[in-house]
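Everything on this sheet refers to the single structure shown next.
When a ligand or atom number is given, it counts from 1 through the structure's own listing order. Each residue takes its place number in the sequence, starting with 1.
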Amino acid sequence: MGQCYGKAGGSSRADHDDIGGVVAPPSPLPANGAPQQPQATAPGTPRRRKSGSATPVHHQTPAGAAWPSPYPAGGTSPLPAGVSPSPARSTPRRFFKRPFPPPSPAKHIKATLAKRLGGGKPKEGTIPEEGGVSPGGGGGGADGAEAERPLDKTFGFGKNFGAKYELGKEVGRGHFGHTCSAVVKKGEYKGHTVAVKIISKAKMTTAISIEDVRREVKILKALSGHNNLVKFYDACEDALNVYIVMELCEGGELLDRILARGGRYTEEDAKAIVVQILSVVAFCHLQGVVHRDLKPENFLFTTRDESAPMKLIDFGLSDFIRPDERLNDIVGSAYYVAPEVLHRSYSMEADIWSIGVITYILLCGSRPFWARTESGIFRSVLRADPNFDDSPWPSVSAEAKDFVKRFLNKDYRKRMTAVQALTHPWLRDEQRQIPLDILIFRLLKQYLRATPLKRLALKALSKALSEDELLYLRLQFKLLEPRDGFVSLDNFRTALTRYLTDAMRESRVLEFLHALEPLAYRRMDFEEFCAAAISPYQLEALERWEEIAGTAFQHFEQEGNRVISVEELAQELNLAPTHYSIVQDWIRKSDGKLNFLGFTKFLHGVTIRGSNTRRH
Ligand SMILES: Nc1ncnc2c1ncn2[C@@H]1O[C@H](COP(=O)(O)OP(=O)(O)OP(=O)(O)O)[C@@H](O)[C@H]1O
Ligand SMILES: [Ca+2]
């Protein structure tokens, strides 16, 4: 028991090595034709460490830090703030002889760190680049004291795997488990063929690795009810293994299809893929689950059919997360990892970055961030701008480019959410049902805590948006089922509980409603909802930002601007007295009110190291 028989072709990742000649490289790969691969994680290596509320590692996150919203109709978006295009680090060219060199150097990030640093916990706040990690940090190798204690490898799962299932051939293999087909021998599903991911207990060498498996099963069990999510059926165990029984996907990995197509999808075909990814990721995020390992290997097609639906698998690195919680453990796959993950302070936006990488690959066939070593990939992720100049980008639509850029923004606050992306002009479809966006709840919480002046500024900003840019907000407002044009706390509660699964309970997303308590006593119309649910950061990423800001300032002049002292303004922005001088230039000498610069700065707050003493 616990062994698969034979080996199915297609979907094993080991096979990728053998896929050759997919795309001719305009400029060659490193000498042997395959980039050097970072070390894979030894199975069982601790892979995650959640930032406890006691020791979170925060970026300086200005008050009002948040997110996306509308889009202009097409056009390209500006590059990430402060980052200039760098042709030298262009991406294309490197079409791979082995286009996607073996399994992404994944979760393996942590193992590399551990290896480099000789175990121990990662040093918080450091970036895992060559020379960038100080000794004493580490990737979470086996904890000495922990290793001495006997490990409890019982999971409380059913022990009768052999009696219930007949194992068949291997259908896939990852770093932590291999997957076989199996036939159900008895019960409701008798005769059905299923997939069984087999995780060896021998490889669970630390308490954390055991916890990881527990969590993987818990998340799979708790998340149910989305078409693009692999269905969980059962979990069993015996002395040797844990068995995760799930729906069998027979169509192979998305990665294999990308390779089979020579690394590139037409825009229409790419859209069909991206919509499915966004839809399932939006669902996970609303449920309070961050996947943390989104990559083409983790999307499987149900059948070989070209138009077969895709299923998201492998929640081995996933975690529950509250809407405003931040995580700090570095996990994921190097090519797909977001910059803020490397900075050890991230949330769901990290998944969005990964979807940006996948979309980039679908559209042009090469990776946006690439190097021969893991450190090099990290450097590229942190500093390089993806290439949108070389072929085939000139023939890719402006909407598609804008879409990808909106995902690959180094500033996570400027990225779109999965739900917003579903309303982006590139994907827009009037018939599509848009799910509720947890972002609305996060922004609303901030709005309810904002000062009256800040609310007026946000209102002025929302008034500057075009009807097209308000589409997402209209759809979200509709999902709240307003009564007579108004919403209050009840509407938010009802909308959220409509999507309730065990995962949402586990991730304590529902508790977030307490933060919206002020809405129990008052109502909000669409106009105020817009002010509450827009993110100046996201708007700043729009090509039209300057125009929007200009119009917003005009509204602000009419309805919100007032005489304000340096001290008062500094307090509004949470600035310490030592930084009062910064805001001096933001007040008009002529009438003592905010000038345009002051207005835009005030909108999203300033971040000065050590100066933000309180948060809105
Ligand atoms: N439900 C399924 N149906 C068919 N094949 C599957 C299924 N689940 C997993 N597989 C195959 O098994 C492989 C490994 O599964 P999975 O990604 O869950 O394992 P892992 O060891 O956690 O992977 P990784 O190396 O990414 O951490 C997948 O890439 C896929 O090819
Ligand atoms: Ca996987």
Side-chain angles (χ1 to χ4, degrees), residues 4 7-16 37-48 100-111 165 167-184 189 192-201 203-204 209 212-217 219-220 223 228-235 241-259 280 291-304 308-319 331-337 354 358:
C4 301
K7 177 161 162 50
S11 63
S12 165
R13 303 244 287 299
D15 291 346
H16 302 153
Q37 287 303 298
Q39 201 72 30
T41 301
T45 301
R47 294 175 284 157
R48 24 167 168 214
F100 295 94
S104 325
K107 3 182 120 164
H108 325 310
I109 291 173
K110 259 198 151 176
Y165 305 96
L167 268 186
K169 63 185 181 186
E170 181 173 311
V171 294
R173 190 171 273 273
H175 289 95
F176 298 95
H178 62 289
T179 309
C180 299
S181 69
V183 176
V184 186
Y189 293 102
H192 275 67
T193 308
V194 293
V196 181
K197 177 167 168 178
I198 302 167
I199 307 169
S200 160
K201 287 191 176 179
K203 291 176 180 174
M204 300 175 199
S209 62
D212 282 348
V213 177
R214 250 186 251 287
R215 192 181 297 111
E216 177 170 358
V217 174
I219 289 176
L220 265 176
L223 271 182
N228 299 113
L229 193 77
V230 72
K231 268 200 206 78
F232 169 86
Y233 294 136
D234 196 8
N241 302 304
V242 164
Y243 305 90
I244 305 177
V245 183
M246 57 193 149
E247 153 188 26
L248 177 67
C249 304
E250 298 180 280
E253 299 173 8
L254 171 60
L255 179 65
D256 292 327
R257 295 221 179 166
I258 296 174
L259 298 180
V280 66
H291 188 277
R292 305 203 292 188
D293 200 18
L294 296 177
K295 55 183 178 181
E297 296 92 314
N298 284 337
F299 287 94
L300 303 183
F301 290 90
T302 49
T303 69
R304 292 270 155 210
M310 276 192 332
K311 306 273 175 170
L312 174 58
I313 60 156
D314 192 1
F315 286 79
L317 286 187
S318 308
D319 214 340
V331 295
S333 303
Y335 291 127
Y336 302 88
V337 78
S354 307
I358 298 172

Using a heavy-atom cut-off of under 4.0 Å, does the side chain or the backbone of [X] touch ligand 1, or both, or neither?
X: His178; result: neither
X: His175; result: both
X: Lys197; result: side chain

Worksheet item: Taking all non-hydrogen atoms of both residues, which atom of Met310 and which atom of Asn228 are closest, and how far apart?
Response: O-ND2, 2.9 Å
Fill in: Shortest non-hydrogen contact from Val337 toward Val331
CG2-O, 4.1 Å
Worksheet item: Do Val242 and Lys201 pass the side-chain contact (heavy atoms from CB on, under 4.5 Å) test, and can you show the C-alpha distance, the side-chain angles, and the key distance before you say yes or no?
Response: CA-CA 7 Å; Val242 164; Lys201 287 191 176 179; 4.1 Å; yes
Practice prompt. Report the name of the N/O/S atom of Asp314 located nearest to the Ca ion (ligand 2).
Written response: OD2
Fill in: Stepwise side-chain contact (heavy atoms from CB on, under 4.5 Å) check, Asp293 with Asn298
CA-CA 8 Å; Asp293 200 18; Asn298 284 337; 3.4 Å; yes
Worksheet item: Can Gly316 be said to touch ligand 1, with heavy atoms closer than 4.0 Å?
Response: no
Discussion item. So is Lys295 touching ligand 1 or not, going by heavy atoms under 4.0 Å?
Written reply: yes
Practice prompt. Could you please spell out the steps behind the side-chain contact (heavy atoms from CB on, under 4.5 Å) verdict for Ile313 and Lys197?
Written response: CA-CA 11 Å; Ile313 60 156; Lys197 177 167 168 178; over 6 Å; no
Response to the item:
Within 4.0 Å of some non-hydrogen atom of Ala195, the atoms of ligand 1 are 1 (N), 2 (C), 3 (N)
Worksheet item: What are the atoms of ligand 1, with element, lying closer than 4.0 Å to any heavy atom of Val230?
Response: 1 (N)
Item to complete: Check for a donor-acceptor pair, side chain of Ser318 on one end and backbone N or O of His291 on the other, with a separation under 3.5 Å.
Response: yes
Fill in: Main-chain N/O of Tyr336 paired with Ser354 side-chain donor or acceptor, under 3.5 Å
yes
Practice prompt. Compute the shortest N/O to N/O distance between Glu253 and ligand 1 and return yes if it is under 3.5 Å, no if not.
Written response: yes
Out of [options], whose heavy atom sits nearest [atom]?
atom: atom 4 (C) of ligand 1; options: Gly177, Cys249, Gly172; answer: Cys249
atom: atom 7 (C) of ligand 1; options: Asn298, Leu300, Ile313; answer: Leu300
atom: atom 15 (O) of ligand 1; options: Thr179, Leu317, Val213; answer: Thr179

Worksheet item: Can you check whether Asp234 reaches Tyr243 side chain to side chain, under 4.5 Å on heavy atoms?
Response: no
